[in-house]
Amino acid sequence: AFLHQPFPAIPLIEQYVDVGNSEAIVQNCIAAVLSDAGPSVILGGAGLGKTMTCMRIVQACSSKMETIFLSSSQIASRADLLKSLLYELR
């Protein structure tokens, strides 16, 4: 019997596993965020862990600053981005 569903439909940070160089990517992005170096871009195919990597970055930075995680790709304009940010900051 499993304690958790082995392959959930959405990523769960509790199930994060460092695969390949994913932790190095996380640490590079954290360093960029904390040093105000500008945005980081994480590219990869479907199912390769981009969302989990972003969730890990948020988890690591949340003790140092206010963080939000925008999981929607329905941001087509600056106004959409601002609405999403304000909604998450509520």
Side-chain angles (χ1 to χ4, degrees):
F2 291 109
L3 296 176
H4 303 282
Q5 181 179 357
F7 299 102
I10 58 169
L12 299 173
I13 193 65
E14 297 82 17
Q15 295 180 353
Y16 173 79
V17 176
D18 179 15
V19 178
N21 64 346
S22 62
E23 190 60 26
I25 293 168
V26 167
Q27 295 305 318
N28 286 339
C29 291
I30 291 169
V33 167
L34 296 178
S35 67
D36 291 329
S40 298
V41 177
I42 300 172
L43 302 173
L48 293 178
K50 299 177 300 295
T51 299
M52 184 70 82
T53 299
C54 291
M55 292 170 74
R56 175 73 181 90
I57 294 164
V58 168
Q59 180 188 50
C61 292
S62 63
S63 65
K64 298 170 182 63
M65 63 185 66
E66 187 167 357
T67 60
I68 58 173
F69 183 74
L70 298 177
S71 59
S72 173
S73 60
Q74 302 299 317
I75 299 174
S77 68
R78 178 178 289 152
D80 290 343
L81 174 60
L82 292 174
K83 287 177 191 174
S84 294
L85 290 171
L86 288 172
Y87 178 79
E88 292 297 326
L89 289 171
R90 67 182 188 288

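- Looking only at distances, a side-chain donor or acceptor of S84 sits under 3.5 Å from a matching main-chain atom of D80.
- Side-chain atoms of L82 and R78, non-hydrogen and from C-beta on, do get closer than 4.5 Å to each other.
- Separating the OG1 atom in T51 from the CE atom in M55 is a distance of 8.0 Å, to the nearest 0.5 Å.
- Considering every non-hydrogen atom in both A32 and S40, the closest pair reads CB-OG, 3.6 Å.
- Side-chain atoms of S22 and Y16, non-hydrogen and from C-beta on, do get closer than 4.5 Å to each other.
- When the side chains of ILVMFWY residues are joined at heavy-atom separations under 4.5 Å, either directly or via intervening members, I68 and L81 end up in a single hydrophobic cluster.
- Annotation: the span from I13 atom CD1 to C54 atom SG amounts to 10.0 Å, rounded to 0.5 Å.
- Remark: T53 OG1 to I57 CD1 distance equals 6.5 Å, nearest 0.5 Å.
- Separation of atoms CE (M52) and CD1 (I42) is listed at 13.0 Å; rounding is to 0.5 Å.
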Requested in this report: Report the C-alpha separation of F69 and Q59 in whole Å, then their side-chain angles, then the decisive distance to 0.1 Å, and conclude whether the side chain to side chain contact (heavy atoms under 4.5 Å, CB included) test is met.
Outcome: CA-CA 10 Å; F69 183 74; Q59 180 188 50; over 6 Å; no
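- To the nearest 0.5 Å, atom CD1 of residue I75 and atom CG of residue L70 are 5.0 Å apart.
- Residues L12 and Q15 form a side-chain contact, since some pair of their non-hydrogen atoms from C-beta on lies under 4.5 Å apart.
- In this structure, the side chain of K50 engages the main chain of G45 through a donor-acceptor pair within 3.5 Å.
- When every heavy atom of L89 is checked against every heavy atom of E66, the shortest pair comes out as CD2-OE2, 3.3 Å.
- The nearest pair of heavy atoms linking N21 to D18 is C-OD1, 4.4 Å.
- Between I30 and A60 the shortest heavy-atom distance is CD1-CB, 3.3 Å.
- M65 is connected to V58 through a chain of hydrophobic side-chain contacts under 4.5 Å among Ile, Leu, Val, Met, Phe, Trp and Tyr, so both are in one cluster.
- At a threshold of 4.5 Å between non-hydrogen side-chain atoms, the residues R56 and Q27 count as touching.
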